[in-house]
Each structure stands twice: as C-alpha cells, then as structure tokens.
Amino acid sequence: MLIFPFVLSIACIGLWKPNECAGHPWNSENIRCKRFTLCMHLQDSQKPNGPIYPLSFSKVTKTSMKHTSVSLTWNRNEVSRLLHFLGIFQIKENAEILYPFHHLLNRFRRQVKQEAKTVVSGQTAVLICPSDRRIVENIVWSKEGLTLPVNPRQSIMSNGSLFIQKVTQSSDGGEYYCRYHDDRHRSKNYVVILRVAEPPTISSFQFPSDVVLGMRVRVMCSVIRGDPPFHFTWLKDGSVLSASDGLNVQYFQDYSILSTGNLVSKNSGNYTCSVNNGAGSASHSAPLTVNVPPSWILEPQNSEVILEGSVRIDCSAEGLPAPTITWRKATNNEPADYTPIYNSHKHTVYPNGSLFIHSASKDEEGYYLCEARNGYGANLNKLTNLTVHQPPTFAVKFRSHSAQKGQSVDLSCSAAGDKPIKFTWKKNGRMLTNSSRYKFSTSELQQSTAVSILEIINADRNDSGIYLCRSHNEYGRDEMKIQLLIQEEPGPPSNLSVTNVTGRTISLAWEEPYTGNSDISRYIIKYHKELPGHQRSQIINRTVEGSQRTAVLRGLEPDSSYLVSIDAQNIIGRGRESNRIRVKTGQEAPSGPPEEVAAQATGPNSIKVTWKPPQEDYWNGKIIGYYIGYKPAGETLHMYKTVHVKDVISREQYHLTNLKRSTTYHITIHAFNSKGPGPRSDEVQVKTLDDVPPSAPDLKMLSKSTSSITLKWYQRATFGASVVDYKLHYWEENDQMGWTVIPIATNLNQYTVQNLKCGRTYQFFMTSHNSVGRSEPSNKLIIRTTGAENQVYGKTSQDVIQMKEIGNTPPLDYVSSEDGTQRSSPYSQSTNHCPPREPMFDSRPGRDRKNFIRTPLPTILYQSRPVVTTNTSQEPLASALLQGEGGTSAPIMSTAGRMNQRERPYESLVLITDPSSFETNRQWDF
C-alpha cells in the first residue's frame with residue numbers, strides 16, 4: 001500500500017461524492033474543504049462523459065484546517081490512470097503538490113511510456129508494444145482493467161502487437177496498456193492512446209427536374225457525421241467550379257450552398273459536392289438539367305428531284321431536351337389534311353430530323369410539313385414543297401419485232417417525261433438518218449408522252465439486228481432496244497458428223513444453221529442404203545426436235561454403206577439440205593444360220609459335212625469361217641472344229657476325222673465373222689461306217705517312149721476289206737476331152753499306157769476299190785512322152801522355163817515333186833521329132849477298145865493338198881466317180897483319217913463339168 005500526503009486542494013478533487021466531485025470547480029476559492037466526504041472514483045470535470053477512475057482508500061487523517069492527509073490504495077491497473085489524471089490536473093491548475101507525491105509522480109512518469117495513434121473509423125488498427133521494437137517477452141494488453149482480447153475483432157499477433165478490425169470511436173477509442181518484460185527481465189509498462197477519427201458523411205441533395213431557362217435554383221451540401229474541420233469543394237462535370245460558370249458558392253463550418261439567380265442552358269450539367277476532414281472524404285453528385293424550348297438550326301426549303309432520284313430535305317432544331325422532329329405530307333397536293341411519314345423503303349427520317357426520299361416518283365411530289373417539339377415552349381412548324389421532274393422514260397426497255405423478208409417494217413418507241421422530248425435512232429452503234437429505206441416521224445400522244453416511228457422499206461436479212469431508240473430532255477435520257485428479226489427459211493445445218501457407229505445404228509451430230517430469225521421447229525434427216533450398180537434404195541426421213549443437235553439412226557443393216565443428209569425447218573419453211581456424208585455401219589455377228597447342212601460318213605472314223613452359207617442379208621459382215629460342232633448321240637456338249645475361209649462359195653465342205661467307229665453323231669454349224677458367231681444351224685445326224693475303203697496305191701513310172709508310158713504300183717497295207725480292182729486315171733494336159741479311166745485287175749502291179757502323143761505331158765493317178773468303196777487317189781505323176789519339145793516342169797504348171805545346156809548330168813526317168821506328184825526328167829527326152837500320131841483308141845493286147853473308158857468332158861481330178869477349185873456340186877462329182885465302175889453305187893469314202901500325213905497326200909477333189917464355165921469356182925476338201 002502507498003500513502004500519498006495530499007495538498008488539501010488536491011484531496012478535495014477526489015474526496016467528494018460523484019456529483020460533488022464532478023461539479024466542483026477548478027479554482028482556488030474552493031481549495032479548502034469543509035466537508036470530508038470521500039469519492040469512490042475520480043473523473044475529469046472537462047469530460048463529463050469521460051472515463052471514470054475507481055479508487056479505494058484506507059484512512060483519512062486531518063491534521064489541521066489547512067492540511068489533511070489521506071491514505072489511498074489502488075491496484076497496478078489504476079496507477080497509470082491516476083497518474084495520468086493527476087498529471088493533467090497539475091498542468092491545468094498548476095496545483096502545488098507536496099514533496100512526497102511530486103517525486104512519486106516523476107518516478108512513475110519515467111517508468112510508464114505512452115504513444116498516441118490515430119485510425120480512421122472502419123479501418124484496422126495495429127498497436128505495437130513497445131514502439132521501439134526492442135526484444136520483449138510476456139506481452140499482455142489490457143483496456144479499462146480488462147485483459148484483451150475481449151471480442152472477435154481483437155487479436156494478439158505473434159509479435160505481441162494488438163490487431164483490431166473495423167475500429168469505431170465508441171468501442172475502440174481510448175488507452176491501451178501493455179505490460180511486458182525487457183531483455184533484463186524487468187517488468188515494464190507501455191500506454192498506447194488510440195484515437196478513432198470519423199470521416200465525413202454528406203446528406204444527399206438534388207436539383208428540381210422541371211427547371212426552365214431563366215429560373216433560380218439553390219442546393220445545400222451538409223455534413224451530418226464526421227470530425228471537423230471540414231473542407232468543401234464544388235465540381236461541374238468533373239471539373240472544379242469556376243467563376244465563369246456564373247454560379248455562387250457559400251461555405252460554412254459543416255455545410256455549403258450552391259445557387260444562381262438566372263439559369264442559362266450552359267448551366268446544365270452534373271454537379272458534385274466533395275468534403276474532406278483528414279480522416280476521409282465524401283462526395284455527392286446531382287444532375288442539373290436546364291430545359292430549353294426548340295429553335296431552328298436548319299429550316300426546311302423547297303426542293304427538286306429527278307424522277308427515280310433521291311433527295312434529302314433538311315429540318316434541324318435544337319433545345320433541351322432535344323426536340324422530336326416529325327414529318328407529314330399533304331394529300332391531294334394541297335397544304336391541308338396531312339398524313340404522317342414513317343420510316344419505310346421509300347422514306348427515311350434521320351435522327352437529326354432530315355427527311356430522305358428514295359427513288360422519288362410522281363407520288364412523292366407535293367407539300368411537306370416539318371414540326372419540332374420537346375414539351376417546353378411552342379412547337380416549331382415549317383411547310384416546304386417538293387417538285388419531281390421526269391426525264392424521258394420507256395416503260396419497256398427491250399422488245400422483239402419480227403417480219404418476213406421483203407415486207408416493210410414499222411418500229412416505234414414511246415417515252416413519258418417532261419417536254420420537250422427528242423429522239424434519235426441507231427442500229428448496231430451506227431446513227432440512222434432519213435433515206436430511201438429509212439423514214440422517221442415523231443408525235444405527241446398525251447400531256448407527257450411522245451412517240452417516234454422508224455419505217456424500214458423492203459426489209460431483208462441485213463436489216464435484222466438491234467435498234468436503239470434514245471430519248472432525252474432537260475432532265476435526263478433513256479434508251480429502248482428493239483430486236484428486229486427478218487425471218488426466212490433456215491440455212492443448211494453445218495458440220496454434220498458421225499459420233500458413233502454400231503452394226504445397226506449411226507449417231508450423228510451437227511451444228512445449228514442460220515435459223516432465219518425463227519426458231520427451228522425440227523430437223524429432217526434423210527438417209528438411204530447404197531446398193532451396187534445403179535440401184536437406189538428407198539430414202540428414209542427421220543424427224544428430230546429443233547432443240548436437239550444429235551440423233552441416232554436405228555434399224556440399219558450391219559456392214560452397209562449409207563448416205564446421210566439433214567435439213568432444218570422453221571415457221572417460214574424448210575431450208576436447204578446439208579452436204580451428204582457416207583457412213584458404213586459396223587459388223588455384227590451373223591444373224592442367220594448356215595443352210596442345207598448335210599453330213600455323209602466317209603469311213604468308220606470320218607464324216608464329210610457340206611453346207612451352204614447363210615443368206616447374204618444375214619451375214620452382217622464378211623464371213624471368215626465356220627464353227628462345226630459335233631457330239632456323239634447321248635452327250636450334251638459339242639466339240640468344235642474351226643474352218644477359216646477366204647472367200648465364201650456356194651457350198652462348203654469339211655471332213656471330220658478321228659471319230660468313233662459305227663457311232664451316231666449330231667452335227668451343227670455356226671458361221672462367224674469379225675464380231676463373233678451367228679446362230680447355229682439345225683442339227684443333222686450321221687453314223688460312221690463299220691469298215692474302211694482300201695488305202696491308196698503307191699504309183700511309179702517304169703519307162704516311157706514317144707507313144708507309151710509304163711507304170712508300176714504297190715498296194716499299201718489296208719485295214720478293211722480286200723482290194724477287188726484298180727482303176728488308172730490319166731489325162732493329157734490342156735486336153736478338153738477329160739480323164740480316161742482304165743480298170744485293172746488286182747493280180748497286176750504294172751501297166752503300159754499306149755497310143756499316147758509324142759512330146760505331150762500326161763497326168764496319172766490310181767485308185768483302189770473294195771466292197772466298202774474306193775480309196776483316195778494315189779500320188780499323182782506328171783510325165784512327158786519323149787519327143788522334140790524341151791520343157792522343164794517345176795512344182796506347178798505355172799513354173800515353166802526354157803531348156804538350156806545343162807552339161808553331162810545323167811538322165812532320169814521322172815522327177816518326184818514335193819507335193820507328192822512325179823514328173824519325168826527333161827534330160828531323158830530325145831531331141832528326135834515325134835512320129836506321126838496314131839489313132840487314140842488303138843487296140844491293145846488282151847483288151848478291147850470297149851474296155852477303155854474315156855470320160856466325157858466332165859472330168860474327175862484328184863489333186864494334191866494345194867486346193868484346186870471347181871464350179872460343180874457334189875451330185876455331178878459322185879456320178880463322175882462312178883463312171884468306169886460298171887454302174888456300181890459304191891460310195892465315195894476317204895481313209896484320210898486312218899493315214900498319216902505322208903500316206904494321204906491328196907485331199908482335194910476337183911470336177912470340171914463345163915470348160916466354158918470357169919468364172920466361178922467351188923471347192924470340196926476331202
């Protein structure tokens with residue numbers, strides 16, 4: 001407990017009751033105290049609402065009337081408050097303090113440090129203990145005897161600082177005590193006085209909304225909260241108000257007044273009052289609008305515009321608020337009964353009030369009224385007139401006119417517009433004037449319409465073209481085009497060409513001809529087939545639509561030549577035809593089968609097939625061969641042989657070989673050309689033989705003389721029945737009498753032919769016969785009897801050369817040719833003259849003349865493999881082969897199928913029935 005000896009005046013401040021202590025004056029008249037009532041607290045009389053400092057006392061001792069001593073006790077938290085209070089009191093009243101307390105006060109002042117800190121209300125305060133940032137420990141904060149923190153806004157930071165959020169004057173202002181230990185572990189105290197400064201708050205204000213030019217206005221900017229002193233600033237539209245704005249400003253302690261006595265339009269704006277007191281600032285803005293009645297900026301004037309042109313009529317007014325511009329148009333071209341004008345495809349009212357008229361027509365001509373209003377003052381109105389001038393205008397810009405060749409033509413053009421209107425005419429860019437063929441006339445039809453007529457006399461093709469009628473007046477010009485078509489028959493189509501050809505179609509293309517200035521209604525295609533000689537086939541017409549440039553001719557015959565032309569027709573008539581073109585159709589496979597197909601067995605392994613080609617109309621191209629199909633009866637698939645031919649003859653034949661013995665075959669034939677095979681013929685059936693004719697003998701020459709030739713033969717092995725006789729055939733070359741056939745018995749193997757002519761060439765061959773039939777011809781010998789004529793024979797009768805000196809080459813009896821024939825050697829011939837000729841049918845030993853069979857002119861010739869042709873058919877051949885056989889009907893059979901190549905050198909049979917008919921030849925291949 002501390003005991004303070006008080007001077008009486010000091011003791012009196014703290015000894016009365018609260019109402020007495022608080023109301024006791026601080027002057028010397030009240031120094032002496034007559035009453036000794038102790039106060040339980042101390043309070044500053046200058047701050048009635050200030051903090052109360054509670055005290056406790058233990059004893060009061062009155063020593064005399066002048067001095068009284070009192071013993072007071074307080075806790076540590078009260079010490080700084082009491083010392084602070086006494087310190088303030090000493091400064092204010094300059095009271096005398098006795099020595100003991102004076103030294104004690106100085107001592108406390110040295111030990112307790114303090115600091116003042118100011119923070120704006122609502123911000124965050126950070127109190128640091130101590131402020132010199134020395135190393136301290138055990139920091140404890142307190143306020144008004146309470147250890148902090150006491151609410152969520154207060155917190156102690158890690159460095160011992162006190163953190164207070166959103167401070168307020170009422171809750172957070174005052175003294176904060178900090179107790180800590182220094183680096184020597186001494187207990188220290190620190191006081192931070194927190195002052196919370198309140199920023200200003202302005203009461204809102206606004207200007208009247210219906211202010212009009214010339215009125216008065218006044219507003220006040222007042223601060224309703226905050227710590228003085230206050231500093232006011234007025235701004236207009238963000239700039240500090242100046243004297244040139246014509247406004248008055250008055251400033252007071254906590255309010256300011258803005259006023260004016262005569263508003264003008266420039267006073268309109270946004271006004272701001274700004275207040276600052278050091279702790280913060282505040283501002284408030286309000287708009288001032290000075291309403292101004294409308295006035296003209298640009299009055300509308302009378303206007304002119306050309307028809308279809310655009311025009312703008314200006315109408316602009318100012319005021320506040322901005323005036324609304326409206327337009328109306330008078331009806332019936334009288335300044336009354338106006339109709340409002342709105343934005344449309346024809347009219348546009350711009351924001352500035354101007355009226356824009358698009359593509360003005362005569363309907364836009366008349367009176368227009370522009371009106372401006374903004375709700376203040378009288379409305380503005382102005383009447384204006386719009387005149388629409390019309391340049392010459394053609395209602396139709398283009399038209400066509402047609403006329404026939406030789407007629408007179410009138411071309412007219414009519415234009416509407418302001419008079420006077422003038423006309424000019426052009427054709428293909430060339431100006432036209434009055435002449436013997438062109439006549440011009442102009443007339444007026446109505447108030448604003450004029451017409452011009454161009455007359456063309458005796459029009460021809462050259463008058464066709466584009467005519468230009470041009471009209472003009474003061475306000476513009478216009479043009480009209482007239483296409484004149486002088487019509488006549490069309491010209492011939494050009495560039496007729498073939499684009500594709502098949503066996504039965506021809507595709508054509510052509511270019512459009514001169515149309516005669518009339519649409520071509522159709523094309524007529526004419527074509528016919530070319531026939532040999534002077535024959536003419538029927539002409540066929542094919543019609544094609546006029547819009548087409550191509551056509552296909554169908555139903556044609558393959559591999560045929562056609563003449564084609566085309567002409568065009570229009571409304572006037574039919575034009576000339578184009579140049580003819582010759583087109584040959586392509587080939588197709590034959591459309592008909594071979595005819596008269598016949599088959600005959602020629603042996604157990606061979607069949608001879610004969611046929612006629614298809615009718616020529618069915619060839620569809622050149623026949624180049626045949627497919628012979630054959631199959632044994634009962635089988636489904638055919639086997640085919642291909643036979644190629646160079647020339648088509650009246651009847652063809654072919655030998656099928658390597659067949660089965662005594663087997664029935666089904667045979668059919670197809671003709672074919674370069675495009676493929678045609679349909680097959682009807683099937684024929686034939687059965688191969690059970691046996692075979694004999695093989696052909698091998699014939700050789702033994703000797704010869706001027707009138708005879710001796711021959712010898714050898715019979716090859718035969719696979720069938722035995723040979724019953726031989727027949728020797730011989731013929732003098734270039735003799736028209738034909739072949740001579742000599743029957744010879746089988747027991748002979750050589751024979752001498754007598755009564756031959758000297759120095760003549762003879763051909764010999766032999767056949768063998770058995771019960772089945774005759775063999776194929778033997779090898780052919782060509783032998784010349786001895787005599788004066790010297791000739792050398794080559795392989796063929798055409799290869800003949802003259803005899804020359806050959807030297808000492810030994811003579812030969814005959815020469816065997818490569819084709820199987822044998823010829824006598826020219827070196828064995830004598831150079832003696834031939835003896836007189838003997839009768840042809842001399843008697844021979846052992847034979848009657850009747851035994852020699854001399855064939856008539858129809859002659860049988862067994863020829864070698866090179867094909868020899870004849871003009872006869874199969875029937876005369878068969879009968880000829882039967883001559884000399886005593887009328888036997890043994891069939892003609894071939895053993896070629898059973899012989900090898902060397903054993904069957906002869907494969908062609910030629911029969912010449914009439915020496916005078918050598919023009920056409922036919923061939924059978926055995």
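Quick caveat, the model's predicted, so the values are computed rather than measured.
Using a cutoff of 4.0 Å between basic side-chain nitrogens and carboxylate oxygens, R477 and E479 are not scored as salt-bridged. Here K529 pairs with E557 in a salt bridge; the nearest charged N to carboxylate O distance falls below 4.0 Å. A salt bridge links K584 to D559: at least one charged side-chain nitrogen sits closer than 4.0 Å to a carboxylate oxygen. Looking at D463 and R461, no side-chain N of the basic residue comes within less than 4.0 Å of a carboxylate O on the acidic one, giving no salt bridge. Salt-bridge annotation for K397 and D478: present, with a side-chain N of the basic residue lying under 4.0 Å from a carboxylate O of the acidic one.
Between Q301 and T384, the closest heavy-atom pair is O-OG1, 2.6 Å. When all heavy atoms of T585 and P558 are compared, the closest pair comes out as OG1-C, 3.3 Å. Heavy atoms only, all atoms of each residue included: S565 and R580 are closest at CB-CG, 3.8 Å. Considering all non-hydrogen atoms of both residues, N374 and V292 come closest at ND2-O, 2.7 Å. Listed here is the closest heavy atom pair of T610 and R651: OG1-NH2, 3.2 Å.
Counting non-hydrogen atoms of other residues, nucleotides and ligands closer than 6.0 Å to CG of N332 gives a total of 12 or fewer. Within 6.0 Å of the NZ atom in K346, the count of heavy atoms belonging to other residues, nucleotides or ligands exceeds 12. Surrounding CZ of R437 are more than 12 heavy atoms belonging to other residues, nucleotides or ligands, all under 6.0 Å away. More than 12 heavy atoms of other residues, nucleotides or ligands lie within 6.0 Å of CD in E299, so this atom counts as buried by the packing criterion. Other residues, nucleotides and ligands contribute only 12 or fewer heavy atoms inside 6.0 Å of the CG atom of D337. The environment of NZ in K362 is crowded: more than 12 heavy-atom neighbours from other residues, nucleotides or ligands sit within 6.0 Å. Under a cut-off of 6.0 angstrom, the local environment of CG in N302 is crowded, with over 12 non-hydrogen atoms contributed by other residues, nucleotides or ligands. Around atom CG of D519, no more than 12 heavy atoms belonging to other residues, nucleotides or ligands sit under 6.0 Å away.
Across I525, N579, I566, a single residue satisfies side-chain contact (heavy atoms from CB on, under 4.5 Å) together with L496, and that is I566. Of the candidates R522, E489, R574, R522 is the only one forming a side-chain hydrogen bond (donor to acceptor under 3.5 Å, both in side chains) with Q569.
In this structure the side chain of V583 reaches within 4.5 angstrom of the side chain of I581, judged on heavy atoms. Side chains of T668 and H638 form a contact here, defined as non-hydrogen atoms less than 4.5 Å apart. Inter-residue side-chain proximity for V349 and W327 is flagged as met; some heavy-atom pair is nearer than 4.5 Å. In this structure, the side chains of I623 and Y618 stay at 4.5 Å or more apart for every pair of heavy atoms. The side-chain heavy atoms of I506 and V552, taken from C-beta on, include no pair separated by under 4.5 Å.
How far NE2 of H528 is from OG of S561: 9.0 Å, rounded to the nearest 0.5 Å. Within the model, atoms CD of E596 and CH2 of W611 stand 13.5 Å from one another, a figure rounded to the nearest 0.5 Å. Summarising the geometry, atom CD1 belonging to I667 is positioned 9.5 Å from atom CD belonging to E683; distances are rounded to the nearest 0.5 Å. N570 contributes atom CG, which lies 6.5 Å from atom OG of S521 (distance to the nearest 0.5 angstrom). To the nearest 0.5 Å, atom NZ of residue K382 and atom CH2 of residue W296 are 7.5 Å apart. To the nearest 0.5 Å, atom CG of residue L369 and atom NZ of residue K329 are 12.5 Å apart.
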Quiz item: When you look at Q587 and N620, which way does the side-chain hydrogen bond (donor to acceptor under 3.5 Å, both in side chains) test go after all the steps?
Solution: CA-CA 5 Å; Q587 295 186 4; N620 301 335; over 6 Å; no

Quiz item: Can you list the steps and then say if R312 with S354 is a side-chain hydrogen bond (donor to acceptor under 3.5 Å, both in side chains)?
Solution: CA-CA 7 Å; R312 186 185 68 190; S354 297; 4.7 Å; no

Quiz item: For E511 and R549, what are the C-alpha separation, side-chain angles and deciding distance, and is it a salt bridge (Lys or Arg N to Asp or Glu O under 4.0 Å)?
Solution: CA-CA 7 Å; E511 293 182 3; R549 301 292 180 271; over 6 Å; no

Practice problem: With side chain to side chain contact (heavy atoms under 4.5 Å, CB included) as the test, would you mind laying out the steps for Y654 and I669 before giving the verdict? | Solution: CA-CA 11 Å; Y654 184 79; I669 303 176; over 6 Å; no

Practice problem: Could you please spell out the steps behind the side-chain hydrogen bond (donor to acceptor under 3.5 Å, both in side chains) verdict for Y367 and N385? | Solution: CA-CA 4 Å; Y367 292 96; N385 182 57; 4.8 Å; no

Quiz prompt | side-chain hydrogen bond (donor to acceptor under 3.5 Å, both in side chains) assessment of Q615 paired with E595 | solution = CA-CA 8 Å; Q615 296 182 20; E595 299 180 346; 3.2 Å; yes

Exercise. Could you go through the salt bridge (Lys or Arg N to Asp or Glu O under 4.0 Å) check for K612 and E652 one step at a time?
Key: CA-CA 6 Å; K612 287 184 178 180; E652 304 283 356; over 6 Å; no

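The aromatic rings of F672 and Y627 sit parallel to each other, their planes meeting at less than 30°, with 60° as the upper class boundary. Using the six-membered ring where Trp is involved, H670 and Y640 have ring planes that are tilted, between 30° and 60° apart. The aromatic rings of Y475 and H389 sit parallel, their planes meeting at an angle under 30°, below the 60° perpendicular limit.
Within the cation-pi definition used here (under 6.0 Å to the ring centroid, within 45° of the axis), K481 does not qualify as a partner of F398.
A donor-acceptor pair under 3.5 Å is formed between the side chain of N517 and the backbone N or O of I486.
A donor and an acceptor atom, one from each side chain of S452 and W425, are located under 3.5 Å apart. Side-chain contact, N343 with T348: no donor N or O sits under 3.5 Å from an acceptor N or O.
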